[in-house]
Amino acid sequence: MATRYDPQTAEQKWRDAWDQAELFKAKSPKEAGDAPKAYVLEMFPYPSGRLHMGHVRNYAMGDVVARHRRANGYNVLHPMGWDAFGMPAENAAMEKKVHPGKWTYQNIAAMKAQFAKLGLSLDWSREFATCDPEYYGAQQALFLKMLAKGLVYRKASKVNWDPVDNTVLANEQVIDGRGWRSGALVEQRELTQWFFRITQYAEDLLEEVQKLERWPEKVRTMQANWIGRSEGLQMRFEWDSAAPAGFDDGIEIFTTRPDTLFGASFIALSPDHPLTIQLARDSNHLQLFRAKCAQVGTSEEAIEKAEKLGFDTGLTVKHPFVDGKTLPVWVANFVLMGYGTGAIFGCPAHDQRDIDFARKFDLDVTPVVLPPDGDATSFTVKNEAYTGPGSIFNSDFLNGLSIVDAKRTAIERIEAMGLGAGTVNYRLRDWGVSRQRYWGCPIPVIHCDSCGVVPVPLDQLPVRLPEDVTFDQPGNPLDRHPTWKHVDCPACGKPARRETDTLDTFADSSWYYARFASATDMEERAYWLPVDQYVGGVEHAVLHLLYARFFARAMRDVGELDLPSGEPFAGLFTQGMVTHETYKSASGQWLEPSAVTQDGDTWIETATGGIVTPGPIEKMSKSKKNTVDPDAIIAQFGADVARWFVLSDSPPERDVEWTQSGVEGAARFAQRLWSVFDALADTAKAEPGTDADSLAVRKASHKAVAGIDKAIEEFRFNSAVASIHEWVTALKKAEAAGEAVTGARLEGASMLARCLTPFMPHLAETCWERIGGEGFVSAAPWPVVDKALTEDDSVTMAVQINGKRRGEITVPKGEANDIVEAAAHALPEVISFIEGKSVKKTIVVPGRIVNIVVA
RNA sequence: GCGGGCGUGGCGGAAUUGGUAGACGCAAGGGACUUAAAAUCCCUCGGCCGUAUGGUCAUGCCGGUUCGAGUCCGGCCGCCCGCACCA
């Protein structure tokens with residue numbers, strides 16, 4: 001009598017059993033012996049308190065890899081923890097009057113319970129949260145080591161300041177010039193901030209990222225662009241007019257086009273350039289101009305692009321190569337202080353921004369690059385700069401040179417004149433990490449009026465966050481805490497103050513992978529790192545992954561990590577999002593999927609019967625209400641079905657659309673899978689037969705395993721799922737073939753259970769048990785493929801005439817070409833087709849195709 | 001503007017990387033079983049012509065290379081992502 005599979009009882013049972021057996025605990029290097037190691041890591045979650053489908057997909061993928069590696073004999077480390085510092089906890093504290101720590105640990109407990117239901121093969125013995133004092137204490141020690149090594153420093157810098165929340169905002173937290181939370185106009189403020197010296201590794205970070213072959217090309221490109229290396233010349237223009245105080249040597253500029261120096265017609269300073277600021281002190285006009293520049297927001301690129309603003313300072317500088325030639329010094333809104341030196345020379349003929357500026361303010365335009373087909377006497381530039389290839393002209397000693405040669409020659413000349421040198425510039429800037437927040441890692445230094453910045457002695461770490469804090473007013477609770485910041489200077493003993501800024505939470509996630517490997521043991525860290533397979537969202541392509549690469553280098557250089565390459569993640573996979581159709585009610589409100597019903601081609605609101613408009617398919621989000629709660633899905637269908645569904649249809653790197661019918665299909669398939677094993681439950685053990693039917697079944701099984709194996713290795717889980725579907729169909733068909741194939745079916749079922757384990761581990765265990773498998777299938781080795789069974793002795797080849805398929809022949813594998821050719825020519829459809837025509841040649845591609853070419 | 005990616009049935013997507021296009025799934029339609037439903041099973045399912053064997057068109061569009069192109073090359077069109085006045 002056929003039975004049905006009940007996920008609710010089975011899933012709980014197996015999870016308990018796995019826990020008891022400590023099945024997923026990583027072995028120490030010693031215990032592992034000769035087994036190769038595999039460190040499989042998914043980006044750890046922020047403990048929001050609710051699991052969402054994006055988590056399910058992310059962790060299901062990592063689990064497939066981890067379980068597959070384990071079955072293939074690897075010593076697997078697959079840990080989990082919590083990225084637990086951050087603003088949501090402080091927001092909750094303000095809104096719900098609950099301490100951020102309490103709120104966070106409650107969320108962790110709730111989320112861990114949800115995680116448990118997914119049946120992930122995680123080693124929870126290494127769990128930590130970044131807000132654990134042990135973790136952030138270790139991070140503080142690391143910070144101090146980096147400080148001693150010069151990798152951390154303090155400097156004054158401009159920041160986005162929210163005047164209502166009294167805090168610094170990250171660039172991405174500023175939306176249309178306003179704070180994302182308070183809605184207040186963000187101010188630019190000069191504050192002394194802590195910085196990580198990430199630019200020290202700019203060259204290395206750029207070079208090494210190109211070598212990470214198991215990273216997506218897209219991410220590597222994004223990182224390279226972010227680092228933004230450019231080669232050029234940094235030089236100074238000496239004064240023609242009297243030098244302003246403090247700028248005696250001239251103006252430093254950076255250019256990537258020293259070949260166009262003879263086309264220079266002006267110098268432009270950033271509105272934030274120190275000289276601009278100095279000049280503005282004595283000039284109301286310039287002050288007003290600077291204010292006007294500041295008004296143009298950081299967003300709305302289109303508006304920003306439209307208008308070039310300029311202010312003539314009246315100062316002039318000398319052209320380095322042309323005696324007596326001078327250039328006016330302007331202030332221009334399009335020159336950025338944050339790149340290069342904050343000053344440029346303008347060559348309007350060959351730079352679009354410069355030509356826009358020159359035309360507006362009526363400045364000289366002298367072309368110096370002649371296009372390959374251009375005529376030196378007639379070539380002019382109107383309103384469009386020429387940025388293409390060509391040779392240099394109108395340029396004295398550079399005339400006739402290629403752009404490349406002219407760049408080199410110009411740099412050499414400037415260097416000889418002592419005015420500058422060829423340099424490399426990076427877009428990447430040092431990482432500002434000071435945050436005026438409570439719920440983050442305290443920066444472990446003390447400010448003393450006598451001694452300056454004094455590190456907190458190591459034996460006093462961790463610098464703990466105080467518990468008794470209030471969130472009833474804006475600003476940093478650490479700063480207004482009555483006692484916390486008042487301490488004696490560790491150096492001189494006089495009263496001093498703690499640093500009240502905390503670290504950017506990106507710091508916490510920049511080294512957690514090393515902590516998972518071992519809290520303290522450098523050898524264990526060296527054993528596990530780098531992470532063999534990292535899995536996470538592409539939204540972290542730049543920031544998190546760049547910061548983590550920086551930290552790995554910094555840890556290496558302060559002796560915290562034995563990792564010569566400095567690369568923490570050898571393999572990276574970025575998975576797509578989970579999307580869902582959106583629904584809007586007649587009154588324009590977003591509706592949850594559970595609140596609507598499909599009625600033929602139309603949708604109605606279940607409660608009211610109102611007409612519902614289905615909207616675009618978008619990433620699941622609370623604001624659009626197009627979310628599906630994993631808990632509800634697990635309660636209805638089981639975790640295996642949820643896992644199966646998010647891996648089944650779409651390629652892992654692309655988005656997957658969650659649909660009700662799709663998940664129902666997955667549930668149907670789970671029952672179908674079960675029936676394969678259920679039908680074999682009471683069958684006596686039997687060896688596979690050698691008859692044709694048995695052989696066909698065995699071939700289906702062995703081919704399927706080979707395909708699934710390859711698909712998993714290549715991160716094509718959807719293909720693995722398709723293979724399993726086909727395999728199951730073959731095994732179901734074989735049920736009708738009688739006693740003779742029972743042995744082959746049993747062999748297939750045993751292999752199938754093991755292949756199923758990475759995807760539907762609970763169902764796989766139940767199936768394994770049903771056919772009398774030994775121990776846990778989660779601990780069973782991957783099935784061994786008999787190569788002989790994956791190859792057929794005969795092959796069907798298409799027969800084409802002039803590239804069009806006209807028939808097919810089946811020939812023994814490896815048959816000689818002339819025999820294959822003869823067989824093709826003997827086909828009735830071929831004979832009738834080529835009758836009366838002359839055969840020019842016949843192409844035989846062994847094992848694939850025969851193509852007969854006729855006139 | 002710069003950089004990267006992608007266009008295949010009603011839908012998500014396969015296609016051993018130049019060799020039988022549409023695997024597998026979803027949806028749809030038809031049928032079996034059933035008093036009925038659920039569940040399950042079977043069949044059909046790119047367009048056009050044809051009762052059918054079959055023919056023909058077809059992988060965004062145009063062209064090229066090749067015995068052979070979804071795949072390679074050139075040019076368009078469209079969509080997505082990242083960066084964006086980076087000198």
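Numbers restart at 1 for each chain; the letters A, B, ... are given by sequence-line order, proteins then strands.
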Which of the following nucleotides, [options], is nearest to the side chain of [X]?
X	options	value
A:Lys218	B:A27, B:C85, B:C81	B:C81
A:Thr796	B:C67, B:U20, B:A84	B:U20
A:Thr221	B:A87, B:G4, B:A84	B:G4
A:Thr255	B:C24, B:A87, B:C26	B:A87
A:Ala722	B:C85, B:G3, B:C24	B:C24
A:Phe334	B:C67, B:A39, B:C85	B:C85
A:Arg353	B:C85, B:C26, B:A39	B:C85
A:Ile843	B:C41, B:G19, B:A87	B:G19

According to side-chain contact (heavy atoms from CB on, under 4.5 Å), who are the partners of [X], at least two apart in sequence or on a separate chain?
X	answer
A:Ile809	A:Met797, A:Val799, A:Val811, A:Val820, A:Ala823, A:Ala824, A:Leu827, A:Val850
A:Pro258	A:Leu233, A:Thr255, A:Lys407, A:Ala410, A:Ile411
A:Lys732	A:Arg672, A:Ser675, A:Val676, A:Val728, A:Glu735

Calculate the interatomic distance between [X] atom [atom1] and [N] atom [atom2]; express it in whole Å.
X	N	atom1	atom2	result
A:Asn802	B:A69	CG	C1'	16 Å
A:Glu384	B:G1	CD	P	11 Å
A:Gln210	B:G3	CD	P	16 Å
A:Gln800	B:A69	CD	C1'	11 Å
A:Trp727	B:G25	CH2	P	16 Å
A:Leu428	B:C83	CG	P	14 Å

Provide the distance between the two [atom1] atoms, one in [N] and one in [M], to the nearest whole Å.
N	M	atom1	value
B:C6	B:G25	P	27 Å
B:C57	B:G50	C1'	15 Å
B:C85	B:C80	C1'	25 Å

Does [X] reach the side chain of [Y], with side-chain heavy atoms less than 4.5 Å apart?
X	Y	value
A:Leu363	A:Trp330	yes
A:Met235	A:Ile253	yes
A:Gln223	A:Leu205	no

Problem set entry | Pair of N/O donor and acceptor under 3.5 Å linking B:C85 base with A:Lys308 side chain | yes
Problem set entry | Any residue meeting ring-ring contact (aromatic ring centres under 6.0 Å, His included) with A:Phe311, in chain and number order, not counting sequence neighbours | A:Phe289
For this session: Not counting sequence neighbours, which residues clear ring-ring contact (aromatic ring centres under 6.0 Å, His included) with A:Phe573? List them please.
Result: A:Phe715
Problem set entry | Where RNA chain B forms stems, i.e. three or more consecutive Watson-Crick or G-U pairs with both distances under 3.5 Å | B:1-7 with B:77-83, B:10-12 with B:24-26, B:28-32 with B:40-44, B:46-49 with B:54-57, B:60-64 with B:72-76
Per-pair distances, 0.1 Å, donor-acceptor, side chain in residues 650-657 of chain A, under 3.5 Å, sequence neighbours excluded:
| from | atom 1 | to | atom 2 | distance (Å) |
| --- | --- | --- | --- | --- |
| A:Ser650 | OG | A:Asp655 | O | 3.2 |
| A:Asp655 | OD1 | A:Met577 | N | 2.9 |

Exercise. For A:Val721, which contact category applies under a 4.0 Å heavy-atom criterion: base, sugar-phosphate, or nothing?
Worked result: nothing
Exercise. Touch check for A:Gly340, heavy atoms < 4.0 angstrom, all strands: base, sugar-phosphate only, or nothing?
Worked result: nothing
Problem set entry | Test: A:Lys787 and A:Glu791 ion pair at under 4.0 Å | no
For this session: Name all pairs fulfilling the side-chain hydrogen bond (donor to acceptor under 3.5 Å, both in side chains) condition that reach into residues 338-348 of chain A, sequence neighbours left out, sorted by first residue then second.
Result: A:Ser230-A:Tyr339
Problem set entry | Which residues share a salt bridge (charged side-chain N to carboxylate O under 4.0 Å, His left out) with A:Glu213, sequence neighbours left out | none
Seminar exercise, completed: Sorted by chain and residue number, the salt bridge (charged side-chain N to carboxylate O under 4.0 Å, His left out) partners of A:Arg229 (sequence neighbours excluded) come out as A:Glu203, A:Glu231
Problem set entry | Nucleotide-resolved protein contact map, nucleotides 49-57 of chain B, B/S/- at heavy-atom distance under 4.0 Å | ------SSS
Seminar exercise, completed: Counting primed atoms, P, OP1 and OP2 as sugar-phosphate and everything else as base, the B/S/- map of nucleotides 9-17 of chain B against protein heavy atoms under 4.0 Å is ---BSSSB-
Exercise. Does A:Ile849 or A:Val853 map to a spot on RNA chain B nearer the 5' end, using the closest nucleotide for each?
Worked result: A:Ile849
For this session: Please figure out whether A:Thr729 or A:Lys732 has its closest RNA chain B nucleotide nearer the 5' end.
Result: A:Thr729
